[in-house]
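Letters go in sequence order (proteins before strands), and every chain restarts at 1. Remember, predicted model here, so these are calculated numbers, not experimental data.
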Number of protein chains: 2
Amino acid sequence: MGQHDHHEHHGDSLADAAQANLEKSGEKWTDTRAAIFDTLAGFSRPASAYDIAELVSTARGKRVAPNSVYRILDLFVANNLAMRVESANAYLANSHPGCEHDCIFLVCDTCGEATHVDDDSLSQQVRKVATAEGFKSIRPVIEVRGICQKCN
Amino acid sequence: MGQHDHHEHHGDSLADAAQANLEKSGEKWTDTRAAIFDTLAGFSRPASAYDIAELVSTARGKRVAPNSVYRILDLFVANNLAMRVESANAYLANSHPGCEHDCIFLVCDTCGEATHVDDDSLSQQVRKVATAEGFKSIRPVIEVRGICQKCN
DNA sequence: CGTGTTAAGATACAACATATCATTTTTGAA
DNA sequence: TTCAAAAATGATATGTTGTATCTTAACACG
């Protein structure tokens with residue numbers, strides 16, 4: 001189905017991979033960025049910028065303002081370390097940074113968990129539809145809201 | 001490509017069709033609902049609830065509170081008279097009420113215009129991916145952000 | 001009529017996001 | 001090494017989107 005193998009990272013390994021990717025783009029892996037990445041990666045469901053701000057502030061005993069979190073999340077998204085789930089106004093860490101994909105998010109309306117699937121053939125079709133309408137600089141947003149298996 | 005013909009409605013004809021559909025579900029076509037529908041249909045791009053509240057308030061010389069607008073928009077979405085564009089936090093009137101489709105929205109990041117495409121084969125594939133993951137009560141969100149032909 | 005139901009209004013607040021300017025930290029050249 | 005420029009973060013304010021709660025108004029029907 002157009003999928004391929006990924007290197008799924010976890011814990012420190014994931015943070016290391018994220019750091020490597022960010023630095024490869026000439027960006028710095030600062031303490032604040034590391035803390036925000038770790039916190040985001042620690043969530044099992046999409047986290048809002050305010051969720052992250054609160055947790056990071058507590059963890060570091062020092063306030064991190066929401067706007068700083070947004071700045072850093074934007075940087076992460078631009079560098080594929082994280083993705084934004086539009087229908088949830090929230091963010092997820094990318095568990096395989098380095099792989100560029102149009103993701104499909106499946107978001108459970110009951111428990112809030114989001115799983116993420118890659119199906120390149122599907123996303124290519126979406127891109128094709130948009131291209132046929134004359135769109136450029138295409139960024140597909142493919143999400144599914146519903147009730148997940150566990151909540152059924 | 002899995003599309004089919006639609007009855008595209010305009011102006012009064014569209015409002016009439018919307019009214020018919022809503023009443024078919026046992027809901028009433030009140031003055032407030034009519035005003036909100038007309039205002040929404042008058043927008044050429046996705047309109048926020050606050051946009052609508054402001055215009056309707058002016059048009060009727062009587063304040064309509066945002067929460068009332070949200071209530072009525074929710075009703076419209078539930079009855080397929082309108083759709084929510086998740087990536088824009090905004091709403092569009094459905095120009096062919098009665099047809100049940102999973103829509104694909106193409107939203108221009110420059111001018112804000114949104115065009116809407118139906119491709120049942122594509123949306124069926126999205127549903128299939130979610131079903132394969134054990135999801136139920138599926139509601140696909142398929143949108144594309146980009147730059148439209150006119151803005152290129 | 002009066003009474004129960006549905007629709008809409010008033011108000012307050014919660015949640016999400018950005019704009020602006022100040023401060024701190026880092027960097028790199030003199 | 002020190003100083004100036006640039007980059008990162010912080011403080012603060014405000015704008016935007018969305019919901020909760022309670023009240024009032026409109027309506028339907030015995």
Side-chain angles (χ1 to χ4, degrees), chain A residues 19 22-23 25-37 39-40 43 45-79 81-92 107 109 112 145, chain B residues 19 22-23 25-37 39-40 43 45-79 81-92 107 109 112 145:
Chain A
Q19 173 173 3
L22 198 58
E23 289 177 340
S25 307
E27 299 286 352
K28 282 164 230 163
W29 189 253
T30 65
D31 288 352
T32 309
R33 290 173 185 183
I36 287 176
F37 186 85
T39 299
L40 178 60
F43 274 88
R45 56 187 80 177
S48 79
Y50 280 78
D51 291 339
I52 295 167
E54 193 179 314
L55 277 189
V56 171
S57 295
T58 302
R60 306 213 306 171
K62 175 184 164 193
R63 178 179 134 94
V64 179
N67 63 343
S68 297
V69 176
Y70 275 108
R71 262 193 304 242
I72 290 172
L73 287 174
D74 287 349
L75 180 76
F76 287 174
V77 169
N79 289 277
L81 271 58
M83 294 89 92
R84 179 174 162 83
V85 183
E86 292 290 346
S87 69
N89 298 323
Y91 299 81
L92 276 176
V107 185
D109 288 327
R145 307 298 308 222
Chain B
Q19 173 174 2
L22 199 58
E23 290 176 340
S25 306
E27 299 286 351
K28 281 165 229 165
W29 190 253
T30 65
D31 288 352
T32 309
R33 290 172 186 184
I36 287 176
F37 186 85
T39 299
L40 177 60
F43 274 88
R45 56 186 82 177
S48 79
Y50 281 78
D51 291 339
I52 294 167
E54 192 179 316
L55 277 190
V56 171
S57 295
T58 303
R60 305 212 307 170
K62 175 185 164 191
R63 177 180 135 93
V64 179
N67 63 343
S68 296
V69 176
Y70 275 107
R71 263 194 303 245
I72 289 171
L73 287 173
D74 287 349
L75 179 76
F76 287 174
V77 170
N79 289 277
L81 270 59
M83 295 89 92
R84 180 174 162 84
V85 183
E86 292 290 346
S87 70
N89 298 325
Y91 299 81
L92 277 176
V107 184
D109 289 326
R145 307 297 308 222

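- With DNA chain C read from its 5' end, the first of the two nearest nucleotides for B:A65 and B:G26 is the one closest to B:G26.
- Rounded to whole Å, the distance from CG on B:L75 to P on C:dT6 is 13 Å.
- Between the OH atom of B:Y70 and the P atom of D:dA20 there is a distance of 13 Å, rounded to whole Å.
- Nearest nucleotide to the side chain of B:T32, out of C:dT18, D:dG10, C:dG9: C:dG9.
- For the pair B:L40/B:L92, no side-chain contact is recorded, criterion being any heavy-atom separation below 4.5 Å from C-beta on.
- Residue-environment remark: CD (B:Q19) exceeds the threshold of 12 foreign heavy atoms within 6.0 Å.
- Across the protein-nucleic acid pair, B:D51 atom CG and D:dT16 atom P stand 10 Å apart, rounded to whole Å.
- Computed from coordinates, the B:K62 NZ to D:dT24 P distance equals 16 Å when rounded to whole Å.
- Rounded to an integer number of Å, the gap from B:L73 CG to C:dA7 C1' is 15 Å.
- Side-chain N or O atoms of A:R33 include one that pairs as donor or acceptor with a backbone N or O of A:K28 at under 3.5 Å.
- Between B:T30 and C:dA7 there is no side-chain polar atom (N or O) within less than 4.0 angstrom of OP1 or OP2.
- Between the CG atom of A:L22 and the C1' atom of D:dA8 there is a distance of 13 Å, given to the nearest Å.
- Dashed line: the shortest gap from a side-chain N or O of A:R84 to OP1 or OP2 of C:dA17 is under 4.0 Å.
- Atom CG in A:D74 sits about 15 Å away from atom C1' in D:dT9, given to the nearest Å.
- Side chain of A:S25 to main chain of A:E27: no donor-acceptor pair is present (N/O by atom type, distance under 3.5 Å, no hydrogens or angles).
- Taking only side-chain atoms of B:S48, from C-beta outward, the nucleotide of C:dA7, D:dT17, C:dG9 with the closest atom is D:dT17.
- Separating the CG atom of A:N89 from the P atom of D:dT16 is a distance of 16 Å, rounded to the nearest angstrom.
- Put simply, A:N67 has no side-chain N or O that comes within less than 4.0 Å of OP1 or OP2 on D:dT9.
- Of the listed nucleotides (C:dC16, D:dA8, C:dG9), D:dA8 has the atom at the smallest distance from the side chain of A:K28.
- At a cut-off of 3.5 angstrom, counting only N and O atoms as typed in the model, there is a donor on one side and an acceptor on the other between the side-chain of A:R71 and the base of D:dG10.
- Residue B:R63 places at least one side-chain N or O closer than 4.0 Å to OP1 or OP2 of C:dA10.
- Within the 4.0 Å cut-off from OP1 or OP2 of C:dA7, at least one side-chain nitrogen or oxygen of B:R33 is found.
- Both B:Y50 and B:I72 lie near DNA chain C, and the one whose nearest nucleotide falls closer to the 5' end is B:I72.
- Taking the six-membered ring where tryptophan is involved, the planes of B:W29 and B:F76 are essentially parallel, since the angle between them stays under 30° and well short of 60°.
- At the phosphate of C:dG9, OP1 or OP2 sits under 4.0 Å from a side-chain N or O atom of B:R60.
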